[in-house]
**Q** 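After the structure tokens below, expect a handful of questions from me.
By convention here, the first residue in the shown sequence is residue 1.
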Amino acid sequence: MYGDARLSAAMESMLGGTDAPPAPMSAIRVRMAAPIVPAARRSNHVARYALAAAAAIVLFFAIFPKASLALFERIVVNSYAAAHRLMDWTPPPPPPKALDEAQRSQQLSLAAAQAKVDFTIVPPAGLPPDAVFTGIDTMPALIYDKAKRVWSKSAPALQFDYKRSGGRTFSISAEKDDPRTGPYGKYMWHVDDLPGGKVAMTKHARFIWKNGDQMMSAIEDDGISAAEILAIRAAMHGHDIAHDARETVVKRYRLP
């Protein structure tokens with residue numbers, strides 16, 4: 001992990017060659033005061049992925065910022081390779097195409113979802129009063145064994161989807177807790193591709209807790225606040241997750 005001095009030097013080196021104009025604070029204030037308009041939802045046949053590990057790439061990055069990096073809300077870098085170097089992380093090789101393309105997300109009832117997973121499902125509780133449940137999607141998973149250097153199919157995770165007033169949406173994911181993934185980060189980085197191969201990374205707070213053998217995860221964004229997520233955790237009587245520093249597997253999910 002980068003120390004303060006090394007991280008500052010890396011940031012200066014990377015961002016020095018990046019076209020990143022000053023933050024438009026007036027426009028941001030206007031945006032914060034305006035009604036929230038949700039982005040169009042992509043159809044399920046579009047490949048969307050996430051990786052749960054010491055770091056994650058493609059849709060988002062999970063990292064463990066401790067100093068300078070934690071002060072940034074949005075970072076622009078020149079490429080995914082630059083992001084990898086900044087995070088001091090080497091991604092696993094891509095999975096076999098046939099194995100990857102065989103993964104399909106499904107929308108299921110609670111009973112059908114329970115039959116698909118190997119943990120006891122505890123549905124979210126303590127939701128915001130305007131939250132309306134819209135369904136449960138599976139998130140098919142592949143797992144990369146770092147010692148054997150092979151990909152294999154893993155049990156899916158679940159995504160509980162909700163809509164609320166103002167056109168907002170949010171989701172809460174559930175899966176079996178797996179200590180082999182190592183410690184979890186407090187932040188997620190949503191990634192947007194920019195012209196010229198550049199990458200914009202926007203930081204979101206990540207909240208994780210356990211109910212029995214179930215691990216739940218929620219991300220603060222326009223659809224749900226940190227206080228609302230903490231209220232859900234409290235209503236579910238969730239407790240902290242503590243993994244040691246060993247990371248022996250990397251998981252990759254197909255998001256619905």
**Q** Test of understanding: with side-chain contact (heavy atoms from CB on, under 4.5 Å), list the residues that count as partners of S165, not counting sequence neighbours.
**A** D130, R168
**Q** Applying salt bridge (Lys or Arg N to Asp or Glu O under 4.0 Å), which residue pairs with at least one partner in residues 138-160 are found, sequence neighbours left out?
**A** K146-E247
**Q** Show the atom names and distances, to 0.1 Å, of all donor-acceptor pairs under 3.5 Å that link a side chain in residues 110-126 to residues at least two apart or in another chain.
**A**
{"unit_1": "Q114", "atom_1": "OE1", "unit_2": "I121", "atom_2": "N", "d": "3.0"}
{"unit_1": "Q114", "atom_1": "NE2", "unit_2": "F119", "atom_2": "O", "d": "2.7"}
{"unit_1": "K116", "atom_1": "NZ", "unit_2": "Q106", "atom_2": "OE1", "d": "3.1"}

**Q** With T248, which residues qualify under side-chain contact (heavy atoms from CB on, under 4.5 Å), at least two apart?
**A** R180
**Q** Could you tell me which residues satisfy side-chain contact (heavy atoms from CB on, under 4.5 Å) with A234, sequence neighbours excluded, listed by chain and number?
**A** none
**Q** Just jot down the ring pair (Phe, Tyr, Trp, His ring centres under 6.0 Å) partners of H239, sequence neighbours excluded, or say none.
**A** none
**Q** Identify, with sequence neighbours excluded, every residue that meets ring pair (Phe, Tyr, Trp, His ring centres under 6.0 Å) alongside Y162.
**A** F133, F170
**Q** If the condition is side chain to side chain donor-acceptor pair (under 3.5 Å), which residues does H243 pass it with, not counting sequence neighbours?
**A** D177
**Q** Would you please name every residue forming a salt bridge (Lys or Arg N to Asp or Glu O under 4.0 Å) with R104, sequence neighbours left out?
**A** none
**Q** Could you note down all residue pairs passing salt bridge (Lys or Arg N to Asp or Glu O under 4.0 Å) where residues 224-245 supplies at least one of them, sequence neighbours left out?
**A** R164-E228, R233-D240, D244-R246
**Q** Just jot down the side-chain contact (heavy atoms from CB on, under 4.5 Å) partners of S173, sequence neighbours excluded, or say none.
**A** M139, S217
**Q** Output all residues satisfying side chain to side chain donor-acceptor pair (under 3.5 Å) with D221, sequence neighbours left out; order by chain, then residue number.
**A** none
